[in-house]
There are 2 protein chains.
Amino acid sequence: MATGRTHRPATRSRGIPEATVARLPLYLRALTALSERSVPTVSSEELAAAAGVNSAKLRKDFSYLGSYGTRGVGYDVEYLVYQISRELGLTQDWPVVIVGIGNLGAALANYGGFASRGFRVAALIDADPAMAGRPVAGLPVRHTDELESIIRDNGVSIGVIATPAGAAQQVCDRLVAAGVTSILNFAPTVLAVPEGVDVRKVDLSIELQILAFHEQRKAGEETTAPSGAGAAAAAAVAARPAAGGRKGPEGDVPAVMPA
Amino acid sequence: MATGRTHRPATRSRGIPEATVARLPLYLRALTALSERSVPTVSSEELAAAAGVNSAKLRKDFSYLGSYGTRGVGYDVEYLVYQISRELGLTQDWPVVIVGIGNLGAALANYGGFASRGFRVAALIDADPAMAGRPVAGLPVRHTDELESIIRDNGVSIGVIATPAGAAQQVCDRLVAAGVTSILNFAPTVLAVPEGVDVRKVDLSIELQILAFHEQRKAGEETTAPSGAGAAAAAAVAARPAAGGRKGPEGDVPAVMPA
DNA sequence: ATGCCTTTGTGAACGCGTGCACAAAGATGG
DNA sequence: CCATCTTTGTGCACGCGTTCACAAAGGCAT
């Protein structure tokens, strides 16, 4: 999962909880797969299993959308696909620009799942003049100078930032100024945006660090010796500035304060 | 943010809440930036602003790690960098394999932030024999046949899946069987894993759909006419199977049931 | 030493999200 | 038409996460 979200916290939009919104795409994907196999109806139990969630949670999620099921039978697949698509706003076309056509930007441009569901790559934009005109995923790369006009001409409201961290905020500012109100940020930076602009962040480094945390914990649980090779390094690296014996989180690293 | 997580729900590891763990990398990044500018200390207010969070939340987060601040002064940057690094398990080296060296896999392999923080790309693996041996990001691509031996020889416990959706579960199974216990999944699929294996999911498509939802809501709020061009399409596409007048989520699409 | 000022650390309240468990609803068979 | 069986929709309780607000703690000037 990508982490981080920058939403207005309270404004539960239209009564649908944020957590539910985040799961709707999951259900939609599972339903689409069923639809392609021409499965007419599905029970909450089956669908929940396919989406990897609890069936009670799924039913409650759907209850926010309305009463779309039939008791004793289940949910009509096609109908539900449409309802969720509509709720997510996928019945309309969303032009998207990708800024920063490096390795990642190119990968995103080539991503098939992009176009499949209402999203259309309106333009690829890069700051490097040498990139300009070169085709990537069948589209010619445009230069950053054209950013504003591209946004306006295509009515783009969703922008994807795949630039280096240093350029992200500047690109973000220009996108927002040009009218973009939703941003998907792949650059490892915290973006500052005005009220009313949604930012979602996808950060590989953060995901790995979270995994490392759990990995370390798992490793520490097997061998009940928390003081591994890292302890020595701890004493070497960490130099507690203030005096006074501090205790670690739970007695771990007991007073390793050299000074 | 990448969405989705597959953790054991309850097991609050070592007393540090999951939500806090997810923010630690954010703090760490902000602190590292401060460290490079040789800033000695930072207050919770300043650091919170840099990390894009509430200062009260930051202080509570740090309180789970221990009492590492000095009242009236703030936090020692270097010391905090070390404490968080240690807590996240970044003081040790984590060998990582990337499976699926397409556009995305190559982008990940080239990602700089990878090596910077304790993570080392042990191998790039792809199923295409034509890829084998070709250097990507300075590493020769290895064939899938070698997956198990690579995992074992390098003691890899973290795997990154960047394959097409169809291959993801199979790759996942092999990774887990070979000893991987943490997986970062970029394929748009729900992965089934045994107990004790952590999966984090990064899904571009889902992120975009969530943005589209909010975008649609914003658009619908300006123009107070929810019944847009989509309504007609609704009647055309949706064919409610069961009879009986259903009402939409809040009166929207009122009884558009062609029967 | 003393008092003031800054900033941390945390107790408490609140709200959101999750899961249980069950009543209501509808299908189905006789 | 009635009984039975399946599955939905949801009231309720619980736990996690967030935020407020403040007392305690330490630095610093006098």
Side-chain angles (χ1 to χ4, degrees), chain A residues 3-13 15-24 27 40-49 51-77 79-80 83 240-244 246-247 249, chain B residues 3-13 15-24 27 40-49 51-76 79-80 83 240-247 249:
Chain A
T3 26
R5 62 183 65 172
T6 314
H7 289 301
R8 17 200 163 170
T11 316
R12 175 184 283 196
S13 37
I16 301 182
E18 188 61 29
T20 295
V21 172
R23 279 187 295 266
L24 289 182
Y27 302 144
T41 60
V42 66
S43 72
S44 65
E45 202 70 49
E46 295 166 325
L47 185 54
V53 303
N54 185 302
S55 72
K57 196 186 301 189
L58 179 142
R59 286 198 301 276
K60 180 146 292 195
D61 284 341
F62 285 175
S63 78
Y64 292 116
L65 307 184
S67 275
Y68 292 152
T70 306
R71 296 172 192 233
V73 176
Y75 300 91
D76 181 81
V77 172
Y79 185 65
L80 204 47
Q83 286 300 338
R240 189 76 232 293
R246 300 296 177 97
K247 69 167 189 351
Chain B
T3 25
R5 61 183 67 172
T6 314
H7 289 301
R8 18 202 160 162
T11 317
R12 177 185 281 196
S13 38
I16 301 183
E18 189 61 30
T20 295
V21 172
R23 280 188 295 266
L24 288 182
Y27 302 144
T41 61
V42 64
S43 72
S44 65
E45 202 71 49
E46 294 166 324
L47 185 54
V53 302
N54 187 301
S55 71
K57 196 186 301 189
L58 179 141
R59 287 199 300 277
K60 179 142 289 197
D61 283 341
F62 285 174
S63 79
Y64 292 116
L65 307 183
S67 275
Y68 292 153
T70 305
R71 293 170 193 236
V73 176
Y75 299 92
D76 182 81
Y79 186 65
L80 205 46
Q83 286 300 339
R240 189 79 232 290
R246 300 298 176 95
K247 68 169 191 342

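Here is how names work: the chains are called A, B, and so on, in the same order as the sequence lines, proteins then strands, and each is numbered from 1.
The NZ-P distance, from A/K57 to C/dC20, rounds to 10 Å in whole Å. Spacing between atom CD of A/E18 and atom P of C/dG15 amounts to 19 Å, rounded to whole angstrom units. Rounded to whole angstrom, the span from the CZ atom of A/R59 across to the P atom of C/dC22 amounts to 14 Å. At whole-Å resolution of the value, NZ in B/K60 and P in C/dG9 are 12 Å apart. Per the geometry, OH belonging to A/Y64 stands 17 Å off P belonging to D/dT8, to the nearest Å. With rounding to whole Å, A/F62 atom CZ is found 16 Å from C/dG19 atom P. We find that CG of B/L58 is positioned 13 Å from C1' of D/dT18, with the value rounded to whole Å. Distance, B/N54 CG to C/dG9 C1': 14 Å, rounded to whole Å.
In this structure, the side chains of B/F62 and B/Y68 stay at 4.5 Å or more apart for every pair of heavy atoms. Proximity of B/Y27 to B/L58: side-chain heavy atoms (C-beta onward) are separated by under 4.5 Å at one or more points. No side-chain heavy atom of A/D61 sits under 4.5 Å from any side-chain heavy atom of A/V53.
Annotation: the span from B/S44 atom OG to B/N54 atom CG amounts to 9.5 Å, rounded to 0.5 Å.
Side-chain N/O atoms of B/Y68 include none lying less than 4.0 angstrom from OP1 or OP2 on C/dT7. Close to D/dT8, at under 4.0 Å from its OP1 or OP2, lies a side-chain N or O of A/S44.
Both B/R23 and A/E45 lie close to DNA chain D; mapped to their nearest nucleotides by heavy-atom distance, the more 5′-ward contact belongs to A/E45.
You'll find that the side chain of A/S43 is closest to D/dT8, out of C/dG9, D/dT8, D/dA21.
Contact of B/R71 with C/dT8 (side chain to base): a donor-acceptor pair of N or O atoms is detected under 3.5 Å.
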